[in-house]
Each structure stands twice: as C-alpha cells, then as structure tokens.
Amino acid sequence: MTTIASVQHLSRFVDQDVRLRGWIYHKSSKGKLHFVQLRDGTGIAQCVLFQKDVPEALFEAVGRAGQESSLELVGRVKADARAPGGYEISVNDGVVHQAVDGYPISPKEHGPDFLLSQRHLWLRSKRPWATLRVRDAVITALRQFFDSRDFLLVDSPVFTPSACEGTSNLFEVEYFERKAYLTQSGQLYAEAAAMAFGNVYCFGPTFRAEKSKTRRHLTEFWMLEPEMAYATLDDVLDLAEDMLCHVVQEVLRRRRPELEILERDTAKLEAIQKPFPRMTYDQAAEILKNHPDSTFRYGDDFGAPDETILSNMHDRPVMITRYPKDVKAFYMKRDPEDPTKALCVDVLAPEGVGEIIGGSQREDDLDALLTRIKEHELPQEFFEWFLDLRRYGTVPHGGFGLGLERTVAWICGLEHVREASPWPRLMYRIEP
RNA sequence: UCCCCGAUAGCUCAAUGGUAGAGCAUUCGGCUGUUAACCGAAGGGUUGUAGGUUCGAGUCCUACUCGGGGAGCCA
C-alpha cells in the first residue's frame, strides 16, 4: 500500500510515490492528458494524468468526473515550478469513488445570497477554507495566551434566567414550566468565577435578538470574556493589548498561505505592536467635534461613522476609555475623578472595522451597585447572587469581551462578519 | 423599527413599452502543459407572487414575498 500523504505535507515526499485522497477542485483536460487540482482538505495539489501512464478505465473515469468528484490518485511527487504550490503528482493509478456532474458552485463569481444558501458546500471553496483556518488559529492563540498567563477557563451558561445588561434583544426559550433566555454575555458569571479562581475567562456562543442588518452583526456569535480579581481599568487595557498582539503574531506565524489566499495586506498586520494608542472619550469627542463627517454630540455614544473616523486615524487598534456613564452598562464602576464617566474601554480595530472589544472595571461597592440596578430599572431579585459577590469579600476587578467573528473578520480583511463564522446566523437566515 | 437598493436559465448578468440573450456550469466531439484553458455543437425560461395600465409589459403602476446595504444597538 502506497503511503497516504496530505497535500499540506507534500514537500516531505518529493520523488516518492504517494496516495492522495480527496476531491476534484478543478480539472482541465487536453485530449490525452488530464490536469486535476486535487483538494484534500489540507490544501490543493496539481495531479497530471497522461493517458499512456494510467489504466484506461481510470483515464476515462477522470474524464467523466466533474468538480467535487471524490477520488484517490497514486503517483510520484515532483517539484515543478509550473504547478501551483510548486509540487505536482505524476499519476500512475487511482480510483474515482463518485463522479459528480453539476456541482452548484462554479469557479466563477457568485452572490452572497446564493453562497450562504450553499454554505454546506461553500465551505470547500478557497476563501472559506482560508478564513476558517485563520479562525482556528485565532482561537488556539487565544486559549494559549490565557493558559500561559494562568487564567482558568470557566465557562458561563447559555440558558439564563434574565438579561445580563437589560431585558431587550434576548431570545426567549421555553424552559419546562417557565421562560429562559439565551445568554447575551457570560460576564456576570465570569465575575463570580474570578472571585473563586482569581483570573478566569469564558469562551462560548452568545446571542443577540437585535434586528441588525449590517456587516458587523450576527445573531449568534462567539465571545471570549476574561475577568481578573484585584484588577483596575489599566490592567484591563494592558491585557487586551497583549492579547491582540499575541493573536496577530500567531496568525502571521501559522497562517501565511491562508492570508495570501484572502489577499490580505500582511504589512497592516505586522504593524500591530505595542503600544496601542489610548485616548479618553473626551479626547475622542474633541476630534469628532471638528470633523466634517461626524454628527456626534457630546454625551452621546459614538456612532458607527464616528468609530470609523477614529479607527482610521491609527495603524493599530485604538483604545477609548471613560465614556459617559449614561451610555454604558450598569455594572461598570464610575471614575472617582469624574463621577459622570465610567471606568470602561472600547477597542476599535483599524481599517474601519470598528469595535472588537468592550470592557471595564466593575462596580465593586454594594450600595453603588444597588443604586445602579434601581436606576436601570432591573429586577433586583435576579441579581441577588451577583450582589453577593459585593457582600462577601468584594475586591476591585475587571475584564472585557472580545467578539471572535469581528476579530477574525479584521485579521482576514473580510467585508462582512458572516464569512468569519462557519454557520452564520443572521436576522433573515438560519439555514443551512 | 426606519431609510436606500435589488429579484430574468443552475450561477453571474444583458435586453429603448414591440421575436427571451451572452458568458460560465451541464451533455457530446476535438486537442500532450492546463492554471477561471481553448475550438466546435447541443439541451436549458410560468422574467419572485398577485393585480392593474396598454393594441402589446422582463420593462410602467400598486400591494405582497424574499434578499442585499445602512441607521439605531452592540462584540
């Protein structure tokens, strides 16, 4: 039996006979020879079948086999500059498992509606392949980063009894005799875990029933939320900065070919180095006040065009701190130097991508948090356990939430976050 | 929820209110170096749905359905 090789590691088998198992990505025939671009999941390799070198039945079978036909080909690996990837298989044997005709996704252009409806097949194409391999590297780098810093993974529940930040925009589900909601953030549970384990993070799916139809929104997305006991806003900023640098470095180290397929300008990723620019809301407001394209009014949150203006001013993520308390969540601690502000941060990715991280130092004072819950008209009974964290050994603490798909979209240079998810869930799309 | 845009062959798109078209894909034939090959031939249509205007509607009008982009909100 000939050695089974993967396209990824083809260079290890030069001048050896190997067996490749996969699918036809593309084929072109010239009379007495076929060129088969064989896709095996790890990459694409060019295989050449000369009629005189292979069994007649195989030559005819390959001739009839269209795009995405499944097959195994056996042959010698040769370095050949004419072949994409630099290696080529001179085929002498093989078998077509299933000859396909009429595969829906041709090498030509397609629209997003069609491609999303064919997501189960679209995954096989080059761009999704490259994108999802970058996503894998991002996730691996994130876990590695937190593990190396002794953060413990403590996941938060998906079913929750009520809202973390407010009652709107939640998906409601039947939960036996009562209602439950799909989580929109694991943060409150991460805070409890931080009091038990010190530094923790949770990483899982979150859900927003917001009727958003933009390139930045999914109804289901993955969020990574670290939480640190005995931490201040500055600690949160430092952590976010180190984390993003590590993730980008790891993607550059491990996923160069994928970034090339995506035609990503890697110079823009090389520029992601410490320190990131940091400014306060007031400083950002001053910039927007004088900007012709902004309709910003002091006291409001920044709109999407405002974020674009601010992020385009820098070649690396910009960290904006200390927003007005009224536009931010109830659990954020107020700035002791200016009680109208919250000790919070938004991290805006460059190139107009916008917000990928939102974080804060948390309110650790029981009475202040009680007041805040009343101000926001939240049902206190659902937050008693959360208030317990302030009753029994409260400490300064903080953390942030990182949107995975937005981060992947930024690193890959995607137009829309839906491509950063293998099975994107959008307001008007839940299939396949 | 609001604003803008779109829907014609499997896909991407054309068609001045007057005969429904092309490229790709598919099928068949040809070709020993293709990279989204090339050359020749064939099949493929209830123009999103329902009404209306008109001698005549893919084209104009109304409603609906589905989708795309954006706002707000957020990661």
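Lettering follows sequence order; numbering is per chain, from 1. Quick caveat: nothing in here was measured; it's all calculated off a predicted structure.
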Review point. Got a salt bridge between A:R278 and A:E241, using NZ or NE/NH1/NH2 to carboxylate O under 4.0 Å?
Key: yes
Review point. When we call it a touch if two heavy atoms are under 4.0 Å apart, what does A:P84 touch: a base, just sugar-phosphate, or nothing?
Key: base
Review point. On a whole-Å scale, what distance lies between the P atoms belonging to B:rA15 and B:rA22?
Key: 15 Å
Review point. Is A:Q46 side chain donor-acceptor paired with the B:rU34 base, going by distance under 3.5 Å alone?
Key: yes
Exercise for review: Using the P atom on both, measure B:rG67 against B:rG18 and round to a whole Å.
Suggested key: 33 Å
Exercise for review: Give A:I357 one of three labels, base, sugar-phosphate or nothing, depending on what nucleic acid heavy atoms sit under 4.0 Å from its own.
Suggested key: sugar-phosphate
Point to revise | Minimum-distance nucleotide (side-chain atoms of A:Y428 versus B:rG68, B:rU34, B:rA25) | key: B:rG68
Check your understanding: Picking from B:rA75, B:rA71, B:rU12, which would you name as closest to the side chain of A:M223?
Key -> B:rA75
Practice item. Decide yes or no, distance alone: a donor-acceptor N/O pair under 3.5 angstrom between the base of B:rC11 and the side-chain of A:H110. Key: no
Check your understanding: Quantified in whole Å, what is the C1' atom distance between nucleotide B:rC64 and nucleotide B:rC28?
Key -> 45 Å
Exercise for review: For A:D113 and B:rU12, give me the distance from atom CG to atom C1', rounded to whole Å.
Suggested key: 13 Å
Check your understanding: Taking the side chain of A:R406 as heavy atoms from C-beta outward, which of B:rU34, B:rA75, B:rU12 is closest to it?
Key -> B:rA75
Practice item. Verify the contact: side-chain N or O of A:R215 to OP1 or OP2 of B:rC74, cut-off strictly under 4.0 Å; return yes or no. Key: no
Check your understanding: Taking a pair as Watson-Crick or G-U wobble with both distances under 3.5 Å, which nucleotide is matched to B:rA22?
Key -> B:rU12
Practice item. Look through every strand shown and name the nucleotide pairing with B:rA7 as Watson-Crick or G-U wobble, where both distances are under 3.5 Å. Key: B:rU65
Check your understanding: Side chains of A:Q187 and A:Y331: is there a donor and an acceptor less than 3.5 Å apart?
Key -> yes
Point to revise | Residue whose closest nucleotide on RNA chain B lies nearer the 5' end, A:V417 versus A:L116 | key: A:L116
Exercise for review: Can you tell me the distance, in whole Å, between the NZ atom of A:K32 and the C1' atom of B:rG30?
Suggested key: 10 Å
Check your understanding: Which is true for A:T407 with a 4.0 Å heavy-atom rule: it touches a base, it touches only sugar-phosphate, or it touches nothing?
Key -> nothing
Review point. Between A:V100 and A:E355, which has a closest nucleotide on RNA chain B that is more 5'?
Key: A:V100
Check your understanding: Quantified in whole Å, what is the P atom distance between nucleotide B:rG48 and nucleotide B:rC13?
Key -> 15 Å
Check your understanding: Looking at A:R39 and A:E68, does any basic side-chain N land under 4.0 Å from a carboxylate oxygen?
Key -> yes
Revision key, fill the gap. The nucleotide from B:rU32, B:rA75, B:rU12 with an atom nearest the side chain of A:R208 is B:rA75
Check your understanding: Using the C1' atom in both, what is the distance from B:rC55 to B:rA50, to the nearest Å?
Key -> 24 Å
Revision key, fill the gap. A:T214 has its side chain closest, among B:rG70, B:rA75, B:rC31, to B:rG70
Point to revise | Interatomic distance where CG belongs to A:L49 and P belongs to B:rU32 [whole Å] | key: 15 Å
Point to revise | C1'-based separation of B:rU35 from B:rG40 [nearest Å] | key: 23 Å
Study note, to complete from the structure: Of B:rG68, B:rA75, B:rG33, the nucleotide closest to the side chain of A:R82 is B:rG33
Check your understanding: So, for A:Y87 and A:F13, is the gap between ring centers shorter than 6.0 Å?
Key -> no
Review point. Can you find a donor-acceptor N/O pair under 3.5 angstrom joining the side chain of A:S212 to the base of B:rG72?
Key: yes
Point to revise | Minimum-distance nucleotide to A:R429 side chain [options: B:rA75, B:rU12, B:rG67] | key: B:rG67
Review point. In the structure shown, which nucleotide is the Watson-Crick or G-U wobble counterpart of B:rG33, with both distances under 3.5 Å?
Key: none
Practice item. Rounded to the nearest angstrom, tell me the gap between atom CG in A:D101 and atom C1' in B:rG44. Key: 14 Å
Exercise for review: Kindly point out which of B:rG70, B:rC11, B:rA75 is positioned nearest to the side chain of A:K213?
Suggested key: B:rG70
Review point. Going by an N to O cut-off under 4.0 Å, is there a salt bridge joining A:D265 and A:K268?
Key: yes
Check your understanding: Side chain of A:K211: nearest nucleotide among B:rC73, B:rU1, B:rU32?
Key -> B:rU1
Review point. What do you reckon, are the aromatic ring centroids of A:F383 and A:F330 less than 6.0 Å apart?
Key: yes
Check your understanding: A:Y323 has an atom OH; how far is it from atom P of B:rA75, in whole Å?
Key -> 11 Å
Check your understanding: Base, sugar-phosphate alone, or nothing: which one does A:G303 contact when heavy atoms must sit under 4.0 Å apart?
Key -> sugar-phosphate
**Study point:** Step-by-step side-chain hydrogen bond (donor to acceptor under 3.5 Å, both in side chains) determination, A:R362 to A:S360
**Key:** CA-CA 6 Å; A:R362 319 305 188 189; A:S360 68; 2.6 Å; yes
**Study point:** Nucleotide opposite B:rC2 in a Watson-Crick or G-U pair, distances under 3.5 Å
**Key:** B:rG70
**Study point:** A:F302 CZ to B:rA75 P, straight-line distance once rounded to whole Å
**Key:** 15 Å
Review point. What's the NZ-P distance between A:K126 and B:rU35, to the nearest Å?
Key: 13 Å
Exercise for review: When you get a sec, tell me which of B:rU32, B:rU35, B:rG72 is the closest nucleotide to the side chain of A:E210?
Suggested key: B:rG72
Check your understanding: Does the B:rG10 base have a donor-acceptor partner in the side chain of A:Q118 within less than 3.5 Å?
Key -> no
Practice item. Could you check how far NE2 of A:H34 sits from C1' of B:rU35, rounded to whole Å? Key: 17 Å
Check your understanding: In whole Å, what separates the C1' atom of B:rU49 from that of B:rG70?
Key -> 27 Å
Exercise for review: Name the nucleic acid region contacted by A:D346, choosing base, sugar-phosphate or nothing; use a 4.0 angstrom heavy-atom cut-off, strictly under.
Suggested key: nothing
Review point. Is the backbone of A:T340 close enough, under 3.5 Å, to the side chain of A:R334 for a donor and an acceptor to pair up by distance?
Key: no
Review point. Roughly how far apart, to the nearest Å, are B:rC4 and B:rG72 at atom C1'?
Key: 16 Å
Review point. Do the side chain of A:R64 and the base of B:rC28 come within less than 3.5 angstrom through a donor-acceptor pair of N or O atoms?
Key: no
Exercise for review: Identify whether a stacking contact exists between A:F221 and B:rA75, where the ring centres must be under 5.5 Å apart and the planes under 30° apart.
Suggested key: yes
Check your understanding: Quick one: is A:H217 getting a side-chain N or O under 4.0 Å of the B:rG72 phosphate, OP1 or OP2?
Key -> no
Review point. Across all strands, who's sitting opposite B:rU53 as a Watson-Crick or G-U wobble pair, both distances under 3.5 Å?
Key: none
Exercise for review: Salt-bridge test for A:D15 and A:K78: reply yes if a basic N is under 4.0 Å from a carboxylate O, no otherwise.
Suggested key: no
